[in-house]
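Below is one structure, written out as structure tokens; comments come after it.
No experiment lies behind these values; they were computed from the predicted model shown. Convention: sequence-line order gives letters A, B, ...; per-chain numbering from 1.
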There are 2 protein chains.
Amino acid sequence: MADKQLHDRIDETIHQRTRLAIMVTLAGVGSLEFNGLKGQLGLSDGNLSTHAGALERAGFVKIIKRFRGRKPQTTLAITAKGRKALTNYINLLQGILSEAT
Amino acid sequence: MADKQLHDRIDETIHQRTRLAIMVTLAGVGSLEFNGLKGQLGLSDGNLSTHAGALERAGFVKIIKRFRGRKPQTTLAITAKGRKALTNYINLLQGILSEAT
DNA sequence: GCAAAGTACTTTGTAGTGCAAAGTATAATC
DNA sequence: GATTATACTTTGCACTACAAAGTACTTTGC
């Protein structure tokens, strides 16, 4: 009967602050290497690895594994689904925030 | 050397989705009874009680206990500090979100 | 008038999350 | 060829969010 509450509509995968930072960063540039993202956001290896996995499981980023020379290199790229989810999240938040001001 | 990262500047007390909903709701009306808030946001008693405590500990809301007739009645009221913290949070998020679009 | 049901919360127990430390695997350097 | 570095992943712990259970009454039958 009641509307779905605002806080129920917030996608927790994107709302988490570190993952939000990752998504916003990726939305700007499309894709970034593991270490580039790590440096830009000041994350530990393990932390980024875990959040990257969570975002991949949600289908919001694609994890591309290649070799640069002889070393492994992991790149995170935002997907169409991820971009859409971020846009939805942003629109929802904008709505909440503008109501609040 | 580096700037404080965006995700470090997000206040986790306010960022949590249920507490954000509480703060936004209170910002609109100033104060609400425990049960009013519970109904509007679709929360369980325990959940609201816990989050109210967290917001009080942060100084973002004041918990006022009175008797209406013979029954206890708890009211949550947003504080000046809470309003300021919400504004800061909103401004920060607006910044992040506008960069992302 | 006293037991049963209701009101208004708070506390407890559990499942899930976020994080850095430790681990794995390979490459480069000394 | 042993040590150090690179590029991550996995593990273990501390914390959080939540509903269920608990507390302290009050109101309503009977």
Side-chain angles (χ1 to χ4, degrees), chain A residues 4-26 31-58 60-77 89, chain B residues 2 4-26 31-58 60-77:
Chain A
K4 209 159 193 304
Q5 301 296 339
L6 283 178
H7 73 282
D8 290 334
R9 298 174 57 208
I10 293 176
D11 182 331
E12 279 294 283
T13 301
I14 284 196
H15 186 60
Q16 200 281 336
R17 62 179 180 168
T18 301
R19 288 193 293 266
L20 179 58
I22 292 171
M23 290 301 285
V24 168
T25 305
L26 287 180
S31 71
L32 261 181
E33 293 177 21
F34 187 95
N35 282 311
L37 211 43
K38 191 183 92 175
Q40 268 198 39
L41 300 177
L43 303 174
S44 67
D45 289 7
N47 198 2
L48 177 52
S49 180
T50 306
H51 287 304
L55 289 171
E56 186 185 37
R57 251 172 280 124
F60 294 164
V61 305
K62 194 167 187 323
I63 298 185
I64 302 150
K65 295 195 165 285
R66 283 184 298 217
F67 282 86
R68 184 191 34 182
R70 335 214 63 230
K71 294 186 190 171
Q73 186 197 24
T74 299
T75 301
L76 302 202
Y89 172 82
Chain B
K4 209 158 191 309
Q5 301 298 337
L6 283 178
H7 73 281
D8 290 333
R9 298 175 56 207
I10 293 177
D11 183 331
E12 279 294 284
T13 301
I14 285 196
H15 186 61
Q16 200 283 333
R17 62 180 180 167
T18 301
R19 287 192 295 266
L20 179 58
I22 293 171
M23 290 301 287
V24 168
T25 305
L26 287 180
S31 71
L32 261 181
E33 294 176 22
F34 188 96
N35 282 309
L37 211 44
K38 191 183 91 175
Q40 269 198 38
L41 299 178
L43 303 174
S44 67
D45 289 6
N47 198 2
L48 176 52
S49 180
T50 306
H51 286 304
L55 289 170
E56 187 185 37
R57 251 172 280 123
F60 295 164
V61 306
K62 195 168 186 327
I63 297 185
I64 302 150
K65 296 196 165 281
R66 282 184 299 216
F67 282 86
R68 184 191 33 182
R70 335 214 64 228
K71 292 186 190 170
Q73 187 197 25
T74 300
T75 302
L76 301 203

Quiz item: What string of B, S and - do you get for nucleotides 11-18 of chain D, 5' to 3', when a contact is any protein heavy atom under 4.0 Å?
Solution: ------SS
Quiz item: Quick one: does B:Leu43's side chain get under 4.5 Å of B:Leu37's, heavy atoms only?
Solution: no
Practice problem: Report the distance from atom CG of A:Leu41 to atom CZ of A:Arg17, rounding to the nearest 0.5 Å. | Solution: 12.0 Å
Quiz item: Reading DNA chain C 5' to 3', which nucleotide is the first, and which the last, to come under 4.0 Å of any heavy atom in chain B?
Solution: C:dT7 to C:dT11
Quiz item: With sequence neighbours left out, what residues match A:Tyr89 under ring-ring contact (aromatic ring centres under 6.0 Å, His included)?
Solution: A:His15
Quiz item: Could you give the CD-to-C1' distance, from A:Glu33 to D:dA7, as a whole number of Å?
Solution: 11 Å
Which pairs would a plain distance check flag for residues 66-77 of chain A, meaning a side-chain donor or acceptor within less than 3.5 Å of a matching protein atom at least two apart in sequence or in another chain?
{"unit_1": "A:Gln73", "atom_1": "NE2", "unit_2": "A:Glu33", "atom_2": "OE1", "d": "3.0"}
{"unit_1": "A:Gln73", "atom_1": "NE2", "unit_2": "A:Glu33", "atom_2": "OE2", "d": "2.6"}
{"unit_1": "A:Thr74", "atom_1": "OG1", "unit_2": "A:Lys65", "atom_2": "NZ", "d": "3.0"}

Quiz item: For the side chain of B:Arg19 and the backbone of B:His51, is there at least one donor-acceptor N/O pair under 3.5 Å apart?
Solution: no
Quiz item: In dot-bracket, 5' to 3', how would DNA chain D read with Watson-Crick or G-U wobble pairs under 3.5 Å, [ ] for crossing ones and | for pairs to another strand?
Solution: ||||||||||||||||||||||||||||||
Practice problem: Compare every heavy atom of A:Thr13 with every heavy atom of A:Ala58, then report the nearest pair and how far apart it is. | Solution: CB-CG2, 3.8 Å
Practice problem: To the nearest Å, give me how far apart CG (A:Leu37) and C1' (D:dA7) are. | Solution: 14 Å
Quiz item: Residues two or more places apart in sequence or in another chain: which of them pass side-chain hydrogen bond (donor to acceptor under 3.5 Å, both in side chains) with B:Thr18?
Solution: none
Quiz item: Heavy atom of residues 64-73 of chain A under 4.0 Å from DNA chain D: which residues?
Solution: A:Lys65, A:Arg68, A:Lys71, A:Pro72, A:Gln73
Quiz prompt | Residue list, salt bridge (charged side-chain N to carboxylate O under 4.0 Å, His left out) with B:Asp45, at least two apart or on another chain | solution = B:Lys38
Quiz item: What are the two closest non-hydrogen atoms of A:Ala21 and A:Thr25, and how far apart are they?
Solution: O-OG1, 2.7 Å
Quiz item: How long is the gap from CG on A:Leu55 to CG on A:Leu20, to the nearest 0.5 Å?
Solution: 10.0 Å
Quiz item: In chain order, what residues pass the side-chain hydrogen bond (donor to acceptor under 3.5 Å, both in side chains) check against B:Glu56, with sequence neighbours excluded?
Solution: none
Quiz prompt | Set of residues satisfying side-chain contact (heavy atoms from CB on, under 4.5 Å) with respect to A:Thr50, sequence neighbours excluded | solution = none
